[in-house]
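For ligands, and for the atoms within them, numbers begin at 1 and follow the listed sequence. For the numbers below, each heavy atom of this structure counts, side chains included, while hydrogens, waters and symmetry mates do not.
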Amino acid sequence: MHLALIALGLGTGDEVLVPSFSFAATANVVRLVGAVPVFVDIEASSFCMDPDAAEAAVSRRTRAMMPVHLYGHPAPMEALTAVAARHDLLVLEDAAQAHGAALGDTPVGAFGSAAAFSFYPTKNMTSVEGGMVSTESDRVARAVRLLRNQGMERRYENEVIGFNMRMTDVHAAIGRVQLRKLETWTKQRQDNARFFDEHLRGVSTPSVAVAATHVYHQYTIRVPEDRDGFAAALEARGVGSGVYYPTPIHRLPSFDVHLDLPETERATREVLSLPVHPALDQGDLERIVAAVNAVAEAGA
Ligand SMILES: *Cc1c(COP(=O)(O)O)cnc(C)c1O
């Protein structure tokens, strides 16, 4: 994402629209190129950047938007790219959590000028560390290739100032094997999610937009009252869960911006992600459902 932003020509003084309900990396890279992250609220339904809020946040300095396909659900790209077109903004997709997600026939990573995928171990596929930029532009692709390798394509013919952000062959080898398994794992995640959708009672299950393919990096429910108590009660029944993310980026000490983003704040209070990974077996799924339903019923 860092290299893609440089390749797209973003820098000092430029404003980039980002959701605050994401991992800090989304906004970090904007700061790292000297640009200003402008935090935008999310849609309640998808947890992704709200197109109306994005439009309202556009200023004369806005040059780009960076929607995040959070939890593996595609951001509302039709409306977001329409906002971008109206205001002549570049679109960079944060697809770190969304390998294989799609809207209609279009996979995430194909909507923007560029997109970035993460291969960190917790993601739907991994190369242990590393990531990938996708783009249709030969110019952007070449710029990223140069930037990751100290500015050179041919040895000792350095053309621009660059970084050492190469993926090692060893990591790439792991990633290539993982890539072959991605489709099967994704289907397993989707099957697990369907089982939860059909069997969970008394909690609000994740919604999927029309024509969206959700790849369930996370299966995230909302618990409007005492989410942390709910998580502790699940833990007591042997079911782990996670909160992604407990603090919106704009309120982290590293940013500390004062803003009112009501849906973002509500999400940080309510979200709870259940295990949905492909290694769960039928017994695990039934145990998770029984625990969630029991805790929901006890709280109701
Ligand atoms: C994991 C993640 C990143 C960062 O990816 P790395 O490969 O760890 O650098 C960025 N954005 C989101 C939304 C993520 O989940």
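Heavy-atom contacts from other residues, nucleotides or ligands closer than 6.0 Å to CZ of Arg176 number 12 or fewer. Environment of CG in Asp88: sparse, with no more than 12 heavy atoms of neighbouring residues, nucleotides or ligands closer than 6.0 Å. Residue Glu225 qualifies as open at atom CD: its count of foreign heavy atoms under 6.0 Å is 12 or below.
Here OG1 of Thr220 is found 8.5 Å from NE2 of His217. Values are rounded to the nearest 0.5 Å. Rounding to the nearest 0.5 Å places CG of Asn293 at 11.5 Å from CD1 of Ile288.
At least one protein heavy atom sits closer than 4.0 Å to atom 11 (N) of ligand 1.
Looking at Tyr120 next to ligand 1, no N or O pair under 3.5 Å apart turns up. Note: an N/O pair closer than 3.5 Å links Ser118 and ligand 1 by distance alone.
Using 4.0 Å as the threshold, Gly130 has a heavy atom nearer than that to some atom of ligand 1. The closest approach between any non-hydrogen atom of Lys123 and ligand 1 is below 4.0 Å.
Centroid-to-centroid, the aromatic rings of Tyr71 and Phe47 come within less than 6.0 Å.
Near Thr26, the atoms of ligand 1 lying under 4.0 angstrom from a non-hydrogen atom of the residue are 11 (N). Here is the list of ligand 1 atoms found below 4.0 Å of a heavy atom in Val68: 13 (C). Distances below 4.0 Å separate heavy atoms of Met1 from the following atoms of ligand 1: 10 (C). Against a heavy-atom cut-off of under 4.0 Å, Ser22 is close to the following atoms of ligand 1: 13 (C).
Of the options Glu93, His214, Gln97, a side-chain hydrogen bond (donor to acceptor under 3.5 Å, both in side chains) to His69 is made by Glu93 and by none of the others. Residue Met65 is tested with Val18, Leu17, Val40, Leu90 for a side chain to side chain contact (heavy atoms under 4.5 Å, CB included); the sole match is Leu17.
Nearest to atom 15 (O) of ligand 1 among the protein's heavy atoms is Gln97 NE2, 2.8 Å. When hydrogens are left out, the protein atom nearest atom 4 (C) of ligand 1 is Ala25 CB, 3.9 Å; that is the closest non-hydrogen contact.
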